[in-house]
**Student:** 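This is the structure I have questions about; it appears just below.
The first residue in the sequence is number 1, and the count goes up from there.
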Amino acid sequence: MATSASSSLSKAVKQQYMDLPQGDQVQAMYVWIDGTGEGLRCKTRTLDSEPKTIDDLPEWNFDGSSTYQSEGSNSDMYLIPVAMFRDPFRKDPNKLVLCEVLKYNRKPAETNLRLTCKKVMDMVENQHPWFGMEQEYTILGVDGHPYGWPSNGFPGPQGPYYCGVGADKAYGRDIVEAHYRACLYAGVQICGTNAEVMPAQWEFQVGPCEGINMGDHLWVARFILHRVCEDFGVVASFDPKPIPGNWNGAGCHTNFSTKEMREDDGLKFIEESIEKLGKRHHYHIRAYDPKGGLDNARRLTGHHETSNIHEFSAGVANRGASIRIPRTVGQDKKGYFEDRRPSANCDPYGVTEALIRTCLLSETGEEPVDYKN
């Protein structure tokens, strides 16, 4: 199995140094989304004392010409801290700091979707929108081959792997367990995990999160997964169709509700939202992967528990529909619905913003409305 060279470095030797006292000083690792809209970058600075709130964290900058975010002639970009978590790698009192990226003129970088998402969330905060996102991913060797698969062939067909147990069914569980515990330590609202349909494919769920917290917590959970995989010498892929052919793709099913939907007879508000979504299918497809729908076209084929990318559909307990109403929600006449269209590599800020715009702000048409301050 192709694992990275650095993963074979002695962790015991490293631990000698990690056990050294650090005095009152704190290491803060700043994390941001790069110019691909998918990749994450990070760097660390020393603080003189433990920050208690976001306001205690200074702004910082970085070279955007090396992250696909600017030209070399004007490359300084600003890092604006927006959310803080405990650091599960360096442990307390050290921090992970999620940042927004601003350009030299203090305008948001092209892949900073958080700024407009936050504005839209603030407009509907009295409706208390809750989200839960189901992040699927595939564990690969550094050569791009799925972890645990035969080097020159395929494992047995899909069937025994979903929620499977046993060395011949669950590939890479150590990574899943390490990631889960690291997220709990960090304060990420991770709520579950399971093995998925394709061997070496897994899923974790984050939520319920209200408003902007959904994007913040999912991006930090992704960062932690990448760092855990780095330690094990493997790669976490969010490609929505990593293996062509008769293998399941990877999505990021998004569960959504408002206070009205969660209360008695909330089903009518769920059905109203689904009707609005049906009239704006193409806008959502564009928002649901970083390439405007091109990535998802490989996954949303109408096969392997997906809907067809060109058609909108909804149904109770139907995993082949665009929107699924869980059976218990149909019975209780209240709860939430699941949008099964977002791809595994979607930007959760873009997905949650699109849902709010269509379902709660009743936008129509192919373009989002520009709300002036």
**Student:** Donor-acceptor check, side chain of Asn94 to backbone of Arg90, threshold 3.5 angstrom: yes or no?
**Tutor:** yes
**Student:** For residues Val369 and Leu115: do they belong to one hydrophobic cluster (side chain heavy atoms under 4.5 Å, members Ile, Leu, Val, Met, Phe, Trp, Tyr)?
**Tutor:** no
**Student:** Ion pair present between Arg114 and Asp347, side-chain N to carboxylate O less than 4.0 angstrom?
**Tutor:** no
**Student:** Would you call Glu263 and Lys334 a salt bridge, taking side-chain N to carboxylate O under 4.0 Å as the test?
**Tutor:** no
**Student:** Any sub-3.5 Å donor-acceptor pair from Glu196's side-chain atoms to Tyr162's backbone N or O?
**Tutor:** no
**Student:** State plainly whether the residues Glu110 and Lys103 are in salt-bridge range, i.e. N to O under 4.0 Å.
**Tutor:** yes
**Student:** May I ask you to check whether Trp247 and Trp149 place their ring centers less than 6.0 Å from one another?
**Tutor:** yes
**Student:** Please answer whether the main-chain N or O of Ala109 pairs with a side-chain N or O of Thr111 as donor and acceptor at a distance below 3.5 Å.
**Tutor:** no
**Student:** Assess whether a salt bridge exists between Asp34 and Arg41, defined as any Lys/Arg side-chain N lying under 4.0 Å from an Asp/Glu carboxylate O.
**Tutor:** yes
**Student:** Taking Asp339 first and then Arg341, would you say they form a salt bridge - that is, a charged N and a carboxylate O separated by under 4.0 Å?
**Tutor:** yes
**Student:** Phe232 and Val176: same hydrophobic cluster, using ILVMFWY side-chain contacts below 4.5 Å?
**Tutor:** yes
**Student:** Could you tell me whether Lys11 atom NZ has more than 12 heavy atoms of other residues or ligands within 6.0 Å of it?
**Tutor:** yes
**Student:** Under 3.5 Å, is there a donor-acceptor pair between the side chain of Arg357 and the main chain of Thr364?
**Tutor:** no
**Student:** Indicate the ring-plane relationship of Phe256 and Phe337, choosing parallel, tilted or perpendicular according to the 30° and 60° boundaries.
**Tutor:** perpendicular
**Student:** Got a donor-acceptor contact below 3.5 angstrom from the Gln127 side chain to the Leu360 backbone?
**Tutor:** no
**Student:** Atom CE in Met261, atom CD in Glu271: separation rounded to 0.5 Å?
**Tutor:** 11.0 Å
**Student:** Where is the tightest heavy-atom contact between Ser343 and Pro240, given as atom of each residue plus distance?
**Tutor:** CB-CB, 4.0 Å
**Student:** Which pair of heavy atoms, one from Pro342 and one from Asn296, lies closest together, and at what distance?
**Tutor:** C-ND2, 4.1 Å
**Student:** Answer with yes or no whether the side chains of Glu38 and Thr36 bring together a donor and an acceptor at under 3.5 Å.
**Tutor:** no
**Student:** With a cut-off of under 6.0 Å to the ring centre and 45° to the axis, is Arg280 in cation-pi contact with Tyr283?
**Tutor:** yes
**Student:** What do you reckon, is CG of Asn105 surrounded by more than 12 foreign heavy atoms closer than 6.0 Å?
**Tutor:** yes
**Student:** Please confirm whether the backbone N or O of Val26 pairs with a side-chain atom of Glu50, one donor and one acceptor, at under 3.5 Å?
**Tutor:** no
**Student:** Going from CG on Leu57 to CD on Glu59, what distance comes out if it is rounded to the nearest 0.5 angstrom?
**Tutor:** 11.0 Å
**Student:** Quick one: are the ring centres of His284 and Phe312 less than 6.0 Å apart?
**Tutor:** no
**Student:** With salt bridge (Lys or Arg N to Asp or Glu O under 4.0 Å) as the criterion, how do Arg286 and Glu367 come out once you've worked through the C-alpha distance, each side chain's angles and the decisive distance to 0.1 Å?
**Tutor:** CA-CA 10 Å; Arg286 288 209 321 276; Glu367 296 299 326; 3.5 Å; yes
**Student:** Return the CZ to CG distance between Arg227 and Leu40, rounded to the nearest 0.5 Å.
**Tutor:** 12.5 Å
**Student:** Any side-chain heavy-atom pair from Tyr104 and Asp76 closer than 4.5 angstrom?
**Tutor:** no
**Student:** I'd like to know if the side chain of Ser70 and the backbone of Ser65 have a donor-acceptor N/O pair within less than 3.5 Å.
**Tutor:** yes
**Student:** Does a side-chain N-to-carboxylate-O contact under 4.0 Å join Asp295 and Lys291?
**Tutor:** yes
**Student:** Under 4.5 Å between side-chain heavy atoms, counting indirect links through other Ile/Leu/Val/Met/Phe/Trp/Tyr residues: same cluster for Leu300 and Ile274 or not?
**Tutor:** no
**Student:** Quick one: closest heavy-atom pair of Met121 and Ile212, and the distance?
**Tutor:** CG-N, 3.8 Å
**Student:** Same cluster or not: Val206 versus Phe85, using hydrophobic residues (I, L, V, M, F, W, Y) connected whenever any side-chain heavy atoms lie under 4.5 Å apart?
**Tutor:** yes
**Student:** Main chain of Glu203, side chain of Thr193: is a donor-acceptor contact present, judged purely on distance under 3.5 Å?
**Tutor:** yes
**Student:** How about Lys268: does its NZ atom have over 12 heavy atoms from other parts shown lying under 6.0 Å from it?
**Tutor:** no
**Student:** Do the side chains of Trp130 and Phe204 join up, straight or via other hydrophobic residues, at under 4.5 Å, putting them in one cluster?
**Tutor:** no
**Student:** Quick check with a 6.0 Å cut-off and a 45 degree axis cone: is Arg222 positioned over the face of Phe238's six-membered ring?
**Tutor:** yes
**Student:** Looking at Tyr161 and Gly156, what are the two nearest heavy atoms and their distance?
**Tutor:** OH-O, 2.7 Å
**Student:** Ignoring hydrogens and angles, tell me if any N or O in the side chain of Glu353 forms a donor-acceptor pair with the backbone of Cys117 under 3.5 Å.
**Tutor:** yes
**Student:** Does Thr358 use its side chain to pair, donor to acceptor, with the backbone of Leu355 at less than 3.5 Å?
**Tutor:** no
**Student:** Would you say the ring centers of Trp202 and Tyr171 fall short of 6.0 Å from each other?
**Tutor:** no
